[in-house]
Amino acid sequence: MRCSSYFLPTLKENPSEAKVPSHRLMLRSGMIRMVTAGVYNWLPLGLRVIRKVENIVREEMDKAGAQEVFMPMVQPAELWQETGRWDKYDTGLLLKFKDRHDHAACLGPTHEEIVTDLFRGNVKSYREVPVMLYQIQTKFRDETRPRFGIMRGREFMMKDCYSFDINPENALKSYNIMKDAYHKIFTRLGLDYRVVLSDSGDIGGDLSEEFQVLAENGEDDLLFDPNGEYAVNVEKHNPEKCNIPEDELQKAKGIEVGNIFYLGETYSKPMKAQIRLQDGSDVNAFMGCYGIGVSRTVAAAIEQNNDEKGIVWSKEMAPFNVGLINLRIKDDECNKVAEEMYELMQQKGIEVLYDDRDENAGTKFANMDLIGLPWQAVIGPKSIKNGEIEWKNRKTDEHINLPIGTFPEGI
RNA sequence: CGGGGAGUGGCGCAGUCUGGUAGCGCAUCUGGUUUGGGACCAGAGGGUCGUAGGUUCGAAUCCUAUCUCCCCGACCA
């Protein structure tokens, strides 16, 4: 992609409304723009990062045996009335409205009702389970106080997965398969995270764990013992069940990027989602649900990886692998080398953002540092007269000169 | 929802107390000089001050209402 034709509106100054690094940097680097409180446009650069996260999530979900579906954003009131959640959320996050037939509906904040309805209408036999269905989709929760950019938005991108089994034992197997997949996902994304026990809240069920990215600006308070025996969200902390002395517990702030719930019959019972067993009897499906805040994960990664110059992307999440900087767009030699390198990288499948604008060196460096691609390839008269290109590692700030047409290791 | 702060060209802000119809930096456009860390010179365009009422000869400035955004708290499958 060429900067000269890329829709990438960067900001030199900090927008006044952005108080945390991720929000500030996402606005400045041209990843997002706010439409209204908690609702954002994702611009091309930001969307590329979202897609990277989505693809990793998708790969690991598929490997774990889950199957991708796509459920509706608009959900009829009836299904929510079946579980009692229509009235329960009357004061809160459900954004309700009526269609032209005066039919009550809501924007989906989560999909337990929808997926349970899908399951009960189409799965009847123990032979057909376990079933794990997931989607990556926009959610809407009418939060009373959206904040920190997309960290707590009202509309956001989420991966939600649901499992169905014939008994608690099998359901826990599904739960653990998902837990394992989550470890793989957050490890691949290069995030420093902890798994903590959490309160199930309104979703119900009796076992839930959260995947928390450690960050100063996290909204959740965590407690864990250094040996890893005990780790909780403070809302779940129970001194009686904790063998560790209070003063030996470590405290940390976390951003909840994923959570997994064992639901049991919470939804299948009121919605009569039953499975016929070998002996001809029917049992309620034992369910689990598993969420990952895809857009929030992007913010969490930035909270954890930034410096005074801007974002520092991991290889897996970076919107492009390389930022190619041509310092002298009007110099024939520089231009020739830059164009050749741009072509070569594309041929090699290296995703490259080519700054081909007629700007000052300082502007280009500052912009590329802000965007935070893992590598910068700098083409200027100094290096090409030796037949070399200067490569800069954004994270380590190491500079190395390599012959034109070659690449640093690990790119 | 309670408390606090703020709305003035695209962005960041000054002006408001002590009314006299708007200013600065960045960005944008034109021309030129530049080009290894957000360069310089000259010129140009762009706002009627969140919105609605009111007071006044006159309102960005005073009064009332309202909308929006941000922060703290409560809330947050």
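Every chain is numbered from 1 and lettered A, B, ... according to where its sequence line falls, protein lines coming before strand lines.
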> For RNA chain B, what residues of residues 154-163 of chain A have any heavy atom nearer than 4.0 Å?
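Output list: A/M158.
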> Under 3.5 Å, is there a donor-acceptor pair linking the side chains of A/D220 and A/Q212?
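Yes, a side-chain donor-acceptor pair sits under 3.5 Å.
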> Quick one: does A/R145 reach the base of B/C76 with a side-chain donor-acceptor pair under 3.5 Å?
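Result: no qualifying N/O pair found.
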> Would you mind reading off the distance between A/D331 atom CG and B/U34 atom C1', rounded to a whole angstrom?
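So the two atoms are 14 Å apart, to the nearest Å.
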> Would you please confirm or rule out a distance under 4.0 Å between OP1 or OP2 of B/G12 and any side-chain N or O of A/S16?
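Yes.
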> Could one point to a donor on the side chain of A/E359 or the base of B/G38 with an acceptor on the other under 3.5 Å away?
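Side chain to base: no pair below 3.5 Å.
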> For B/A6, give its Watson-Crick or G-U wobble partner with both distances under 3.5 Å, or none.
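B/A6 is paired, partner B/U68.
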> Return the pairing partner of B/C13 with a 3.5 Å limit on both distances, Watson-Crick or G-U wobble; otherwise return none.
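Its partner is B/G23 (Watson-Crick or G-U wobble, both distances under 3.5 Å).
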> Say you pick atom P in B/G54 and the same atom in B/G10; how far apart are they, in whole Å?
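28 Å, rounded to whole Å.
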> Give the residues of residues 375-382 of chain A touching RNA chain B, defined as any heavy atom closer than 4.0 Å, sorted by residue number.
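RNA chain B contact set from residues 375-382 of chain A: A/V378, A/G380, A/K382.
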> Between the side-chain atoms of A/D369 and the base atoms of B/G37, is any donor-acceptor pair under 3.5 Å?
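Between B/G37 and A/D369, which were checked side chain against base, a qualifying N/O pair under 3.5 Å is present.
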> Who does B/A44 pair with, Watson-Crick or G-U, both distances under 3.5 Å?
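Base-paired to B/U28.
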> Under 4.0 Å between a Lys/Arg side-chain N and an Asp/Glu carboxylate O for A/D102 and A/R100?
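A/R100 and A/D102: not salt-bridged.
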> Which whole number of Å gives the distance between the P atom of B/G4 and that of B/A59?
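My reading of the P atoms in B/G4 and B/A59 gives 31 Å.
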> How far does the C1' atom of B/C72 sit from the matching atom of B/U30, given to the nearest Å?
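One C1' to the other, the span is 49 Å.
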> Find the distance A/N360:CG to B/G32:C1' and express it as a whole number of Å.
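After rounding, the gap between these two atoms is 15 Å.
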> If I pick the C1' atom on B/U56 and the same atom on B/U21, what distance separates them, to the nearest angstrom?
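It comes out at 14 Å once rounded to the nearest Å.
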> Do the side-chain N and O atoms of A/H103 and A/E78 include a donor-acceptor pair separated by under 3.5 angstrom?
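Result is yes, a qualifying pair exists.
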> From the list B/G38, B/G73, B/G36, which nucleotide is the closest neighbour of the side chain of A/S383?
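Between B/G38, B/G73, B/G36, the one nearest the side chain of A/S383 would be B/G36.
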> Less than 3.5 Å between a donor and an acceptor, one on the side chain of A/T363 and one on the base of B/A39, is that the case here?
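No.
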